[in-house]
Amino acid sequence: ELVEFYSKHIEDKKIRNSNFVDISVSDIIEKAKENNGCVITPHPYGPAFTGIMNHIKNKRLDMNVFDDVHGVEAINGGDLKFNNKKATILALNLGKVITGGTDGHNLYELGKVVTYANAETKEDFIEALHNKENFVIGKELDIIRKATAQGMKLPSQLNKTPQMMKQHLRYSKHVIV
């Protein structure tokens with residue numbers, strides 16, 4: 001189902017040689033809801049343009065975006081503990097389900113943080129999330145492992161550098177203005 005969703009709604013919106021898409025957050029959320037998706041905002045306090053709270057702070061989005069979000073990734077293995085604490089408080093204040101993930105880009109990172117629910121099927125798992133009947137287990141990587149993981153991503157990102165620089169500059173312009 002996820003592959004079908006990606007093919008139908010995301011793939012043709014990808015910007016060439018990048019991880020970016022030419023579709024708004026609101027449109028992605030709407031398409032996910034239309035397809036019975038469970039919308040979780042990842043690493044909300046992540047760095048630069050990767051964290052949704054940065055877009056809210058810079059008035060590119062407003063807090064209403066959370067009206068259509070089911071949950072918040074409160075523990076991200078690749079993020080800083082400080083950001084994860086803020087994400088947990090955000091989820092609790094908004095009354096959203098709390099999830100966790102590794103944000104892994106290599107085998108070492110995978111499985112360091114998991115979201116668990118007593119579920120036999122993926123449908124049961126999603127229902128458990130909707131009912132807040134899940135648990136998050138794990139913790140952030142230490143700073144050395146984070147630096148190593150980020151360094152391992154670099155070679156695969158080199159061909160995307162021009163687009164990423166453009167995105168960073170676009171984001172920086174909104175921060176400065």
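Remember, predicted model here, so these are calculated numbers, not experimental data. Computed from heavy atoms alone, side chains included, the values below leave out hydrogens, waters and symmetry copies.
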First locate atom [atom1] of [X], then atom [atom2] of [Y], and finally report the distance between them rounded to the nearest 0.5 Å.
| X | Y | atom1 | atom2 | result |
| --- | --- | --- | --- | --- |
| Ile56 | Tyr45 | CD1 | OH | 8.0 Å |
| Asn134 | Glu127 | CG | CD | 12.5 Å |
| Ile52 | Arg60 | CD1 | CZ | 11.5 Å |
| Ser26 | Leu61 | OG | CG | 6.0 Å |
| His43 | Asn54 | NE2 | CG | 11.0 Å |
| Asp12 | Ile23 | CG | CD1 | 8.5 Å |

Donor-acceptor contact below 3.5 Å, side chain [X] vs main chain [Y]:
| X | Y | value |
| --- | --- | --- |
| Asn83 | Asp79 | no |
| Thr41 | Pro44 | no |
| Asp62 | Asn64 | yes |
| Thr99 | Thr115 | no |

Let me check something: any side-chain donor-acceptor pairs from residues 88-97 under 3.5 Å, sequence neighbours excluded? List them with distances.
{"residue": "Thr88", "atom": "OG1", "partner": "Asn84", "partner atom": "O", "Å": "2.9"}
{"residue": "Asn93", "atom": "ND2", "partner": "Ile89", "partner atom": "O", "Å": "3.4"}
{"residue": "Lys96", "atom": "NZ", "partner": "Phe66", "partner atom": "O", "Å": "2.8"}
{"residue": "Lys96", "atom": "NZ", "partner": "Val69", "partner atom": "O", "Å": "2.7"}

Taking side chain as C-beta onward, heavy atoms only, is [X] less than 4.5 Å from [Y]?
| X | Y | value |
| --- | --- | --- |
| Lys139 | Lys81 | no |
| Asn76 | Val113 | no |
| Val21 | Glu11 | no |
| Asp68 | Lys33 | yes |
| Glu123 | Ile126 | no |
| Ile28 | Ile10 | yes |
| Glu1 | Phe5 | no |

How about [X]: does its [atom1] atom have over 12 heavy atoms from other parts shown lying under 6.0 Å from it?
| X | atom1 | value |
| --- | --- | --- |
| Asn118 | CG | no |
| Lys86 | NZ | yes |
| Glu34 | CD | yes |
| Asp22 | CG | no |

| In the hydrophobic clustering (ILVMFWY, side-chain contacts below 4.5 Å, transitive), which residues join Val114, or is it alone? |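 Grouped by the 4.5 Å side-chain rule, Tyr116, Phe135, Ile137 form the rest of the cluster around Val114.
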| field | Test ring pair (Phe, Tyr, Trp, His ring centres under 6.0 Å) applied to Phe125 - qualifying residues, sequence neighbours left out | value |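 Result, ring pair (Phe, Tyr, Trp, His ring centres under 6.0 Å) vs Phe125: none returned.
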Can you get from [X] to [Y] by hopping between Ile, Leu, Val, Met, Phe, Trp and Tyr side chains that sit under 4.5 Å apart?
| X | Y | result |
| --- | --- | --- |
| Leu129 | Val136 | no |
| Val72 | Met63 | yes |
| Val39 | Met53 | yes |
| Ile40 | Ile98 | no |

| field | Smallest separation among heavy atoms of Ala117 and Ala128, with atom names | value |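 Looking at all heavy atoms of both residues, the closest pair is CB-CB, 3.6 Å.
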